[in-house]
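Inspection log for the structure reproduced underneath, given as structure tokens.
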Amino acid sequence: MDKALNVTQPPNPFHAGELEAQARAGAGDVAAWAGGFIRDHMPAQHRDFYTSLPFLVMAGTDTAGQTWVTLVDGAEGFITSPNAKSLSLDTHVAPTDPLAAAFEAGTDIGVVGIELHSRRRNRFSGHIRKTTAGYGIGIRQTFGNCPQYIHERSWRRVAAAPKPARHSATLRSAQIRQISRADTLFIGSGHQKGADVPSRGYDASHRGGAPGFVHVASPTRLAIPDYSGNNFFNTIGNILTDERVGLVFVDFETGSLLHVSGRAHVNWRPENSHDPAAWRMIEVDIDAVVERPNALSLRWSGGITSTRALQVLRREEETPEITSFYLGAMDGKPLPPFKAGQHLPVEVDIEGQYIPVSRSYSLSGASDASGHYRLSIKREPQGQVSRLLHDTLKAGDTLRVGKPSGDFTRPVSERPLFLVSAGVGLTPMVAMLHETLAQQPDRPVCYIHGTRNRRHHALRNEVAALIASAPNARQLRYFSDPAPSDRLGHDYDHHGRITAAELLTLDGATEADFMLCGPAAMIGSLRQQLEASGIAPGRIHFETFGPTQPAAAKAPPAV
């Protein structure tokens with residue numbers, strides 16, 4: 001029988017609109033596990049993240065009641081964090097910024113911090129006020145985000161040379177062309193009704209896709225596809241309670257900003273959608289447009305076109321759902337190195353779509369592998385790209401990829417390392433197991449994996465051989481639904497699912513670094529319970545996949 005920790009369930013972090021959106025989308029009881037991700041303060045790694053950024057994305061309402069989104073930049077180190085519940089900004093926004101007056105007066109805001117070069121992002125809501133040096137921000141709710149749909153870009157600074165802003169009530173032809181080429185936007189929304197609870201406030205969120213993923217239906221109407229995500233439904237939940245939204249499109253080459261304010265509604269079952277991968281559409285009626293040429297002192301390079309063709313050396317079916325693809329260079333040039341835990345962006349062409357579709361998959365092989373990458377990919381029933389790769393990609397074919405990236409990498413210390421995964425979450429953990437045994441052979445490592453049964457246990461022989469070769473390594477295997485032929489003590493060690501209580505009984509657990517990867521509900525629960533038991537948040541590192549959209553919600557798009 002599973003042991004249980006005496007953990008107090010955190011208060012529901014969602015307001016009525018978010019709960020309604022989750023219910024309509026069939027997401028289940030998100031609040032039951034989301035407490036492991038949503039906090040009222042910034043962990044140390046989030047504070048370090050924000051203070052390293054060259055810009056922040058902010059959403060709020062101006063003094064006339066219209067919602068806007070803007071980017072705020074500053075000199076190197078302009079963001080500091082006096083404590084876990086506040087940030088200070090040593091900068092000023094220009095008077096042409098549509099939120100300038102609101103920031104001067106003090107207002108609630110939503111913020112997303114994003115590293116386009118590493119694809120990492122975190123979000124929070126709070127209150128901004130004017131200070132002598134610039135602005136101070138108090139934190140209300142904060143949580144991390146997955147890197148899906150973020151296009152990698154590197155940045156540089158230039159001398160700021162902003163030009164006069166241009167105002168209009170509709171989109172001009174040049175602005176329509178910009179939106180039609182964009183692969184990134186930021187959307188802002190708010191919820192200001194009801195009691196003064198943490199879920200009340202504003203949200204700034206990133207949206208990304210292939211160039212042209214935002215459809216310009218007319219000079220006064222946009223359609224934004226809503227893809228599968230973390231199932232929090234912050235933006236859509238806000239729209240259900242307050243139709244006002246703001247958008248901002250960034251011209252990454254010039255630093256120009258195109259701000260749009262309007263009213264939105266959610267089309268839950270879009271017919272004849274311009275994007276068959278979308279589960280819903282956010283349709284925006286435009287009220288006002290502000291274009292600010294050269295507004296930022298930042299410029300970006302890179303993006304979805306920075307790819308290289310690799311050849312499929314071979315493919316191996318690991319389980320009925322997971323296949324490994326081995327990729328090698330076609331031009332004789334070495335492959336860029338990677339750290340265990342990083343992912344590889346891939347780009348494919350989908351029949352019937354005029355623009356490529358990109359996804360990122362964790363590298364599952366050894367980081368010192370000679371001359372090849374390995375991706376172990378699960379075929380998702382509603383996954384456009386994973387189905388295409390499983391069904392059509394064979395040895396000798398080519399695949400367009402970007403450079404390895406991501407910061408879900410193992411901490412290098414002498415502490416024991418616990419690699420905890422479920423399902424296809426094992427992919428970065430197997431890479432970390434290879435890397436740790438090669439680079440730190442004396443470090444204690446515990447590899448803990450949960451899956452259905454032996455038939456669905458991917459890479460099991462490889463892991464067993466690694467564990468057998470290392471005196472400081474051990475593994476624990478959890479089968480949730482063992483087959484009659486599966487042998488306890490031989491094929492698996494525990495019947496059931498991984499629990500924090502059992503992890504904490506293992507030797508070295510109280511001093512260990514924990515790496516967690518699996519479904520969001522599992523990771524949220526484990527993280528919350530490990531912290532409640534006294535494990536420092538800085539020693540718990542995680543990455544999630546899913547939860548995916550319920551399969552019954554919509555038929556998967558054809559590939």
Inset, instruction - Dump the intermediate steps for side chain to side chain donor-acceptor pair (under 3.5 Å) on Ser324 and Glu318, then the final yes or no. - result: CA-CA 7 Å; Ser324 289; Glu318 309 288 357; 2.7 Å; yes
Inset, instruction - Please lay out, stage by stage, how Arg455 and Thr319 fare under the test side-chain contact (heavy atoms from CB on, under 4.5 Å). - result: CA-CA 6 Å; Arg455 184 167 178 258; Thr319 72; over 6 Å; no
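- At distances below 3.5 Å, not a single donor-acceptor pair connects side-chain atoms of Glu462 with backbone N or O atoms of Leu459.
- Counting only N and O atoms by type, the side chains of Arg443 and Ser413 include a donor and acceptor under 3.5 Å apart.
- Although no hydrogens or angles enter the test, the distance criterion places a donor-acceptor pair under 3.5 Å between the side chain of Asp73 and the main chain of Ser297.
- Annotation: side chain to side chain donor-acceptor pair (under 3.5 Å) contacts of Gln45 (sequence neighbours excluded): none.
- The backbone N or O of Gly538 sits less than 3.5 Å from a side-chain atom of His541, completing a donor-acceptor pair.
- Glu435 contributes a side-chain N or O that, together with a main-chain N or O of Ala340, makes up a donor-acceptor pair within less than 3.5 Å.
- Of the possible donor and acceptor atoms, none in the side chain of Ser362 sits under 3.5 Å from a partner among the backbone N and O of Pro428.
- Classification of the Phe55-Trp300 ring pair by plane angle, with boundaries at 30° and 60°, yields perpendicular.
- Aromatic ring centroids of His206 and Phe186 lie under 6.0 Å apart.
- Across Gly365 and His434, no two heavy atoms sit closer than the pair C-CD2, 4.5 Å.
- A donor-acceptor pair is defined here as one N or O able to donate and one able to accept, closer than 3.5 Å; no such pair exists between the side chain of Arg410 and the backbone of Gly341.
- Here the SG atom belonging to Cys446 is positioned 14.5 Å from the CE atom belonging to Met515, to the nearest 0.5 angstrom.
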Inset, instruction - Output, in order, the C-alpha distance, side-chain angles, deciding distance and verdict of side chain to side chain donor-acceptor pair (under 3.5 Å) for Arg39 and Thr142. - result: CA-CA 5 Å; Arg39 308 169 184 267; Thr142 177; over 6 Å; no
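- Checked options Leu399, Val346, Ile377; the residue passing with Leu393 is Leu399 (criterion: side-chain contact (heavy atoms from CB on, under 4.5 Å)).
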Inset, instruction - Decide yes or no on side-chain contact (heavy atoms from CB on, under 4.5 Å) for Val112 and Asn122, but give the supporting numbers first. - result: CA-CA 6 Å; Val112 58; Asn122 291 310; over 6 Å; no
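- For the side-chain contact (heavy atoms from CB on, under 4.5 Å) with Phe418, the qualifying choice from Ile448, Ile540, Val445, Leu530 is Ile448, the only one to do so.
- Minimum interatomic distance between Pro345 and Ser360 (heavy atoms only, all atoms of both residues): CA-OG, 3.6 Å.
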Inset, instruction - Please step through side-chain contact (heavy atoms from CB on, under 4.5 Å) for the pair Arg374 and Val430, ending with a clear verdict. - result: CA-CA 11 Å; Arg374 183 176 71 183; Val430 173; 3.9 Å; yes
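- Counting all heavy atoms, side chain and backbone alike, Ser81 lies closest to Leu87 at CB-CD2, 3.7 Å.
- A donor atom on one side chain and an acceptor atom on the other are found under 3.5 Å apart for Arg207 and Ser205.
- Taking CG of Asp226 as the reference point, atom CZ of Arg280 lies at 4.5 Å (rounded to 0.5 Å).
- Between the His259 side chain and the Val69 main chain, a donor and an acceptor come within less than 3.5 Å of each other.
- Contact of the Leu247 side chain with the Phe249 side chain is registered, since non-hydrogen atoms from C-beta on lie closer than 4.5 Å.
- In this structure a side-chain-to-backbone donor-acceptor pair under 3.5 Å is present from Arg315 to His390.
- The two residues Arg181 and Pro211 have their closest heavy-atom pair at O-CB, 3.5 Å.
- Ring-plane geometry between Phe233 and Trp268 is classed as tilted, the angle between the planes lying from 30 to 60 degrees on a 0 to 90 degree scale.
- Here the side chain of Arg299 pairs no donor or acceptor atom with the backbone of Arg156 at under 3.5 angstrom.
- The one candidate from Leu516, Val420, Leu526 that meets the side-chain contact (heavy atoms from CB on, under 4.5 Å) condition with Phe542 is Leu516.
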Inset, instruction - Could you give me the CA-CA distance, side-chain angles and deciding distance for Leu375 and Leu363, then say whether side-chain contact (heavy atoms from CB on, under 4.5 Å) is met? - result: CA-CA 5 Å; Leu375 301 177; Leu363 289 147; 3.9 Å; yes
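- Residue Gly396 comes nearest to Gln311 through the heavy atom pair O-NE2, 3.5 Å, listed as atom of the first residue, atom of the second, then distance.
- Two residues are said to be in side-chain contact when any heavy atoms from C-beta on lie closer than 4.5 Å; Ser125 and Tyr202 fail this criterion.
- For Tyr50 and Phe124, the ring centers sit closer than 6.0 Å to each other.
- Between Pro54 and Trp155 the shortest heavy-atom distance is CG-CE2, 3.6 Å.
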